[in-house]
Colleague: 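Handing you a structure now.
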Amino acid sequence: MKKRTIALVCAAVMGLTMASCGPKVSTPQEDASTQAASSNETDVTTTPQEGEQHPSPEDCEALKDLYKDYFDIGTCISATMIKNKTYYDFILKNFSSVTCENNMKPEAMMNRYETQHGDMTDGGTRIVLNMENMRKELDFASQNGLKMRGHVFVWHEQTPDWIFYVNFDPEGELAGRELMLTRLENYMKDVFSWVEENYPGLFYAWDIANECMGDNNKMRDSLWYKTIGEDYVEQVFALARKYAPDYIKLFYNDYNESVPAKRTAIIKMLKPVAEAGNLDGMGMQAHLNSTNTVKSVVDSVRIYEKELGVTVHITELDYAQPKSADPETAQAQYYGQLFKELKALKDEGVAIESVTFWGINDGLSWRKDENPLLFNKDMTPKKAYYAVIDAAKN
Ligand code: GLA
């Protein structure tokens, strides 16, 4: 069944792909009843002709190699993913950059018990960290020569509330600005020194702050904002600059970043950070759907680079399968167009360095109901996969 699905999808996109993949595999002709055997198969509109040859993903060039003259190609990873041999091999073949999906988020690296039982004489200035949760992913990357994006220091989600309170007591009083700045400074210092000691050179970029702009185009009223004040983003980046090894680029990261009003607000918020020399990159999450045109995404890359004078990474790419008569083809067209235009941007001299997918297949995706990635949950390729391959060639 798996092979047959691959063959049918390959056939549908063969015109696009024949030039892009290596040794080809012959496929028997399929009849209409086998095409209707699964929902994935019913999307396929072209039946392969007898004698036609179709590439399988194993025979296609690696995504990272196809785009090596343009940008790194990345994915998020989890410890569970890399325990699976199929995913492990697939990631090593196709990607040059990885990001921890969850294990470098604040809640994964902060130890509540140890912190609350630590020295409280000054209200507690040090959050005790547990860096072991991220070990498996960091070992995987460092042992296999992958680069990593760090994700994420300061965010309103997946961050425990108790870090914002005097004595780390969430029943008590909110911490004031000076106390939170000291905690932040210790947090930055401790994370970067651990990373530098244990994995020197592994990280090339780090999302220092995530989603600080609200969808109302005003700074999000998070506990970071409440405790430190409206310059907290500037403070966070100044501390990151002080403690990060100089080979790690400091990024701001956000979603709905291609919506013009939010983009303008993000740029306004980041200007002082950039002017202080503390911002190296803009992370465009690119959680996309049919309301986001390719043009709006590509224009945004250009605008962030120009307005802030920084490099741009696409950090969490996924595009919901649009509602249309042939959603899989429509999705493939979008991905193909997007990658062609990102390449063209690079040819123009725009500093886009890295494009990371937020996962490797629809079943593992946080948006699994929207089928937003290049592979089905059984790792059979979708048309979008071949469209991305084809865009590299044209
Ligand atoms: C945001 C975060 C990611 C991830 C997604 C949902 O985009 O930056 O780390 O949590 O939400 O999975």
Side-chain angles (χ1 to χ4, degrees), residues 74-82 87 91 95 97-110 131 133-134 136-138 141 147-161 191 203-215 219-220 222-225 232-233 236-237 240 248-259 262-263 265-266 269-270 279 281-289 291-292 297 300-301 304 312-321 354-375 377:
T75 179
C76 67
I77 56 169
S78 66
T80 318
M81 271 162 83
I82 58 182
Y87 300 157
I91 293 165
F95 301 103
S97 170
V98 289
T99 309
C100 281
E101 185 171 19
N102 284 307
N103 279 337
M104 292 187 71
K105 289 176 176 170
E107 69 179 7
M109 59 170 144
M110 293 175 171
M131 307 299 280
N133 285 332
M134 63 181 80
K136 289 201 173 67
E137 289 98 316
L138 273 56
K147 309 201 283 194
M148 284 199 87
R149 299 192 79 264
H151 176 79
V152 55
F153 264 111
V154 165
W155 190 24
H156 64 288
E157 275 183 17
Q158 291 183 260
T159 301
D161 280 3
V191 172
F203 290 88
Y204 68 114
W206 206 298
D207 297 327
I208 300 301
N210 196 30
E211 303 179 355
C212 305
M213 184 51 63
D215 288 315
M219 282 187 73
R220 191 183 295 280
S222 67
L223 285 167
W224 290 109
Y225 182 94
Y232 88 90
V233 175
V236 167
F237 277 91
I248 296 181
K249 289 190 177 164
L250 310 182
F251 273 71
Y252 176 75
N253 193 49
D254 215 330
Y255 70 92
N256 279 349
E257 73 288 344
S258 299
V259 176
K262 188 164 176 184
R263 182 177 65 210
I266 290 172
M269 175 182 76
L270 293 178
L279 184 73
M282 173 65 202
M284 295 175 55
Q285 290 186 6
H287 292 301
L288 305 170
N289 58 45
T291 67
N292 305 109
V297 178
S300 298
V301 175
Y304 283 120
V312 177
H313 289 184
I314 305 284
T315 56
E316 305 181 17
L317 177 62
D318 49 19
Y319 173 69
Q321 219 162 46
S354 178
V355 178
T356 292
F357 290 91
W358 206 241
I360 58 174
N361 74 42
D362 288 343
L364 296 170
S365 167
W366 71 299
R367 301 169 80 189
K368 53 167 79 61
D369 296 344
E370 300 176 293
N371 300 320
L373 293 168
L374 306 186
F375 283 76
K377 72 170 183 222

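It should be emphasised that the depicted structure is a prediction, and the values quoted were computed from it without experimental measurement. Note that ligands are numbered from 1 as they come in the structure, with each ligand's atoms numbered from 1 the same way.
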Colleague: Please state whether the rings of H313 and Y204 are parallel, tilted or perpendicular, taking 30° and 60° as the class boundaries.
Modeller: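 Ring orientation, 0 to 90° scale: tilted.
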Colleague: With a heavy-atom distance limit of 4.0 Å, tell me whether K105 approaches ligand 1 through its side chain, its backbone, both, or neither.
Modeller: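 For K105, the contact with ligand 1 is made by the side chain alone.
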Colleague: Donor-acceptor check, side chain of D362 to backbone of L373, threshold 3.5 angstrom: yes or no?
Modeller: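 Yes: the side chain of D362 pairs with the backbone of L373.
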Colleague: What orientation do Y252 and F237 show, parallel under 30°, tilted 30 to 60°, or perpendicular over 60°?
Modeller: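 Tilted: the ring planes of Y252 and F237 meet at 30° to 60°.
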Colleague: Within the 4.0 Å heavy-atom shell around Q158, which atoms of ligand 1 are there?
Modeller: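 Per the distance check, 10 (O).
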Colleague: So, regarding W366 and ligand 1 (criterion: nitrogen or oxygen to nitrogen or oxygen, under 3.5 Å), is there a contact or not?
Modeller: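 No; the residue has no nitrogen or oxygen that sits under 3.5 Å from a nitrogen or oxygen of the ligand.
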Colleague: Should you measure from each heavy atom of W155, which atoms of ligand 1 turn up under 4.0 Å away?
Modeller: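 Matching atoms, with element in brackets: 1 (C), 2 (C), 10 (O).
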Colleague: Within ligand 1, which atoms have a heavy atom of H151 less than 4.0 Å away?
Modeller: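 It comes down to these atoms of ligand 1: 2 (C), 3 (C), 8 (O), 9 (O).
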Colleague: I need the minimum non-hydrogen distance between N133 and N103, along with the two atoms involved.
Modeller: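 What the structure gives for the nearest pair is O-ND2, 3.2 Å.
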Colleague: Indicate yes or no: does an N/O atom of H287 lie under 3.5 Å from an N/O atom of ligand 1?
Modeller: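 Yes, H287 has an N/O under 3.5 Å of an N/O on ligand 1.
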Colleague: Tell me the protein heavy atom at minimum distance from atom 11 (O) of ligand 1, and give that distance in Å.
Modeller: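 Answer for atom 11 (O) of ligand 1: E316 OE1, 4.1 Å.
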Colleague: Using a heavy-atom cut-off of under 4.0 Å, does the side chain or the backbone of N210 touch ligand 1, or both, or neither?
Modeller: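 Within the 4.0 Å criterion, N210 contacts ligand 1 through side-chain atoms alone.
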Colleague: Any donor and acceptor pair, going by atom type alone, linking the side chain of W224 with main-chain N or O of W155 inside 3.5 Å?
Modeller: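 Pair found, side chain donor or acceptor close to backbone of W155.
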Colleague: Got a sec, which residues hit ring-ring contact (aromatic ring centres under 6.0 Å, His included) with Y255, two or more places apart in sequence or on another chain?
Modeller: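 Y255: no ring-ring contact (aromatic ring centres under 6.0 Å, His included) contacts found.
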